[in-house]
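Reading through the structure tokens given below for one structure.
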Amino acid sequence: MKLDRFIRVAIAIAVGLVFIIAIGALLFISESALNVWDRLKAGPPALLYGYVGVMLLLVVLACWLIWRLVVRRKIDMARAPVAAPLSRQDIERRIQAAEAAGVDVSEAQAELKGLAARQSGGMIHLCFFGEISTGKSSLIKALVPEADVQIDVVGGSTDDVRHYSWRGDAGDQILLTDVPGIGGVGGELSSIATDEAKRSHVVLFVCDSDLTRPEIRSIEALLEFDKPIVLVLNKADRFTSEEQASLMQKLLERIDEVGGELQRDHVVAVTAGGETDMIERYADGSEETVRRNRPADIGVLVVAINRLLSGDAAPLDERREKAVFQLAAARLAEAEAEYRVQRSEQIIRSATRRAVVGALAAISPGTDILVQGYIGTTMTQQLCKLYGAAPRDLDIEEFLSMSQSRVGRALPLSLAVAGNGLKAFPGLGTVAGGVVHAVAYGLIFDALGRSLVLTLSRDGELVPEVAAREFEDGISEHLEAGVRRIAKVALERKDG
Ligand SMILES: Nc1nc2c(ncn2[C@@H]2O[C@H](COP(=O)(O)OP(=O)(O)O)[C@@H](O)[C@H]2O)c(=O)[nH]1
Ligand SMILES: [Mg+2]
């Protein structure tokens, strides 16, 4: 054990040396610091303050540099919460920025144009909203008897948005909007209805019993858009007055539960009327089914609406405007998501193609040159930028090297998948090993890009460990998905 002893002695000497140097350095530093301090004190105060100022500045600069290096940055250009109140300037600026980036902003713009058209009309917009067959159309018919409103016993007769004009107490023109019932099949009509409700000044939420879960959810969605709501319990003729009173109480409680504030006079019980089939029995014993009009009783609703509109219209208009800006922002966010999907596909394809070409050209290719090299870095940078993540260069390096260590394990599988994929091309004899390798590398790139998109769209930033794990978890699935396409790229290249 001579060597062992030798090493221990060497370490002991090294430790001793380090201590001596450290003590010397400490002495030297404190001596010169005291020296400088004494001289500064003796000198003019301006020099002292100036000196201390410069020292502080250096400390701040050092802190800033460390922060830049260590703390992850995240820029949220389009990721800003949709629910935040927006000004006209905000939304217009966002649309402009998105348009410049190549996003299709037509739907967001159409929302703003629609708002302008409505505002120039100067009418108050009331939207009848609620589940199918609660009697929305019947209520409009009761308010505007001369209107040609479609009412259906089966339900779901209103399949688009219709407008009817109505005159309030003060003689003001009011636009009543009939929309499809929510909760039908598909859900597409529901979203048409919800969007239209968000574009109105006041929503008349029509129900015909206690609120269901979907109804509560749509009320929550409307409250998120700061919509004034009048809750209308229709078909009151079906309840006794006690039943009606307890239902009304329940409705108020439900609204309370979702955190909405609704005044007592904003919950009303009415009977829209409508038609009903009745069996008429005659003296001679014969029976006949006749269609009768139910008497309507909507006085409380008319009062509630008039009270709502008797005040200043400007706050209502302002709230509506904000809601539409929010709606436009939501449209924009959808368009941006769509754009990101398309653009990321392009980025991944082009990186994969380059990886395949690079591997074909190399005499002894290796994934490390590819993954951690130029192609891997560019692809990662481009995808991060697309998803609004601004990782440090260090993070990108770390992510790629972590992925690299997983590539080693995935390579045999990737080669097998590539070999199999190439067999799918008819008329191809045995392909050279180089082509199989090239396809395998392409597949790895493809998988790397796709898993990166998954984490970026979910987290909005690049956390190396998380992204690398995602890559590992999804690799076999991604390999299978891309093999035909990438094999084709390799074969075209090789033939060319
Ligand atoms: N009992 C009763 N039935 C009503 C009342 N209002 C509407 N209805 C019936 O409810 C059904 C659906 O009405 P409709 O107005 O088409 O509902 P919408 O889908 O919400 O537009 C029809 O059969 C109406 O006759 C009401 O006040 N009382
Ligand atoms: Mg209807």
Side-chain angles (χ1 to χ4, degrees), residues 81-85 107 111 114-115 125-140 152 155-163 175-236 247-263 266-270 272 301 304-305 308 316 319-331 333-334:
V82 173
E107 284 204 28
E111 211 55 73
L115 174 69
H125 291 238
L126 303 183
C127 182
F128 285 82
F129 184 81
E131 284 199 351
I132 291 170
S133 267
T134 45
K136 301 175 289 298
S137 302
S138 302
L139 277 168
I140 292 182
D152 197 344
S157 59
T158 313
D159 56 4
D160 58 359
V161 176
R162 280 157 207 244
H163 299 289
L175 202 71
L176 305 180
T177 310
D178 196 8
V179 300
I182 53 170
V185 275
E188 197 180 312
L189 286 179
S190 296
S191 66
I192 292 178
T194 313
D195 287 352
E196 188 59 27
K198 287 168 185 166
R199 296 181 192 115
S200 69
H201 286 104
V202 176
V203 172
L204 304 169
F205 196 101
V206 186
C207 59
D208 59 3
S209 64
D210 192 9
L211 293 176
T212 60
R213 290 221 136 266
E215 281 176 322
I216 293 174
R217 264 201 301 277
S218 16
I219 290 183
E220 280 175 324
L222 292 171
L223 289 174
E224 251 171 56
F225 277 69
D226 191 29
K227 272 292 128 190
I229 295 176
V230 175
L231 193 53
V232 185
L233 173 67
N234 187 29
K235 309 190 186 176
L247 250 176
M248 297 283 278
Q249 188 56 36
K250 227 182 233 170
L251 291 177
L252 276 168
E253 282 165 17
R254 295 253 186 254
I255 299 282
D256 255 4
E257 279 164 26
V258 297
E261 37 183 295
L262 214 54
Q263 290 146 13
H266 282 181
V267 182
V268 295
V270 297
L301 176 62
I305 296 175
L308 237 161
L316 273 183
R319 277 169 87 173
R320 194 267 296 268
E321 196 175 76
K322 288 253 156 66
V324 177
F325 292 160
Q326 231 172 299
L327 197 55
R331 291 276 166 284
E334 284 159 19

With sequence neighbours excluded, residues passing side-chain hydrogen bond (donor to acceptor under 3.5 Å, both in side chains) with [X]:
X	result
Arg217	none
Thr194	none
Lys322	none

[X] vs [Y] side-chain heavy atoms within contact, under 4.5 Å:
X	Y	value
Pro214	Ile182	no
Val202	Leu316	yes
Leu115	Phe325	yes
Thr177	Val161	yes

Pairing residues for Glu196 by the salt bridge (Lys or Arg N to Asp or Glu O under 4.0 Å) criterion, not counting sequence neighbours: Arg118, Arg199

Non-neighbouring partners of Asp195 that pass salt bridge (Lys or Arg N to Asp or Glu O under 4.0 Å), sequence neighbours left out: Arg331

side-chain contact (heavy atoms from CB on, under 4.5 Å) partners for Ala197, two or more places apart: Cys127, Phe129, Val203, Leu222

By side-chain contact (heavy atoms from CB on, under 4.5 Å) - contacts of Ala269 (at least two apart):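 Expected list: Leu233, Ala236, Gln244, Met248.
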
Which atom pairs, donor and acceptor, lie under 3.5 Å between side-chain atoms of residues 250-260 and protein residues at least two apart or in another chain?
residue, atom, partner, partner atom, Å
Arg254, NE, Asp210, OD1, 3.1
Arg254, NH2, Asp210, OD2, 2.8

Polar contact flag, side-chain donor to acceptor under 3.5 angstrom, Glu131-Thr134: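 Their side chains do not contain a donor-acceptor pair, so the 3.5 Å distance test is not met.
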
Ring geometry between His201 and His125 (parallel below 30°, tilted from 30 to 60°, perpendicular above 60°):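 Answer is tilted, since the angle falls between 30° and 60°.
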
To the closest 0.5 Å, what do you measure between [atom1] ([X]) and [atom2] ([Y])?
X	Y	atom1	atom2	answer
Leu211	Ser218	CG	OG	9.0 Å
Ile219	Phe205	CD1	CZ	4.0 Å
Cys207	Lys136	SG	NZ	11.0 Å
Leu126	Leu308	CG	CG	8.0 Å

Atom of Asp178, atom of Ser137 and distance for their closest heavy-atom approach: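 Taking every non-hydrogen atom into account, OD2-OG, 2.7 Å.
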
Nearest heavy atoms of Ala304 and Val268, plus distance in Å: CB-CG1, 4.2 Å

Donor-acceptor under 3.5 Å (Asn234 side chain, Ala272 main chain):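 Such a contact is found between Asn234 side chain and Ala272 backbone.
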
Any donor-acceptor N/O pair, Lys227 side chain to Ser200 backbone, under 3.5 Å: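 Side chain of Lys227 to backbone of Ser200: a pair is present.
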
Side chain to side chain contact (heavy atoms under 4.5 Å, CB included) between His266 and Ile229, intermediate numbers included: CA-CA 7 Å; His266 282 181; Ile229 295 176; over 6 Å; no

From CA spacing to verdict: side chain to side chain contact (heavy atoms under 4.5 Å, CB included), Leu139, Leu204: CA-CA 10 Å; Leu139 277 168; Leu204 304 169; over 6 Å; no

Residues Arg320, Lys198; criterion side chain to side chain contact (heavy atoms under 4.5 Å, CB included); working and verdict: CA-CA 8 Å; Arg320 194 267 296 268; Lys198 287 168 185 166; over 6 Å; no

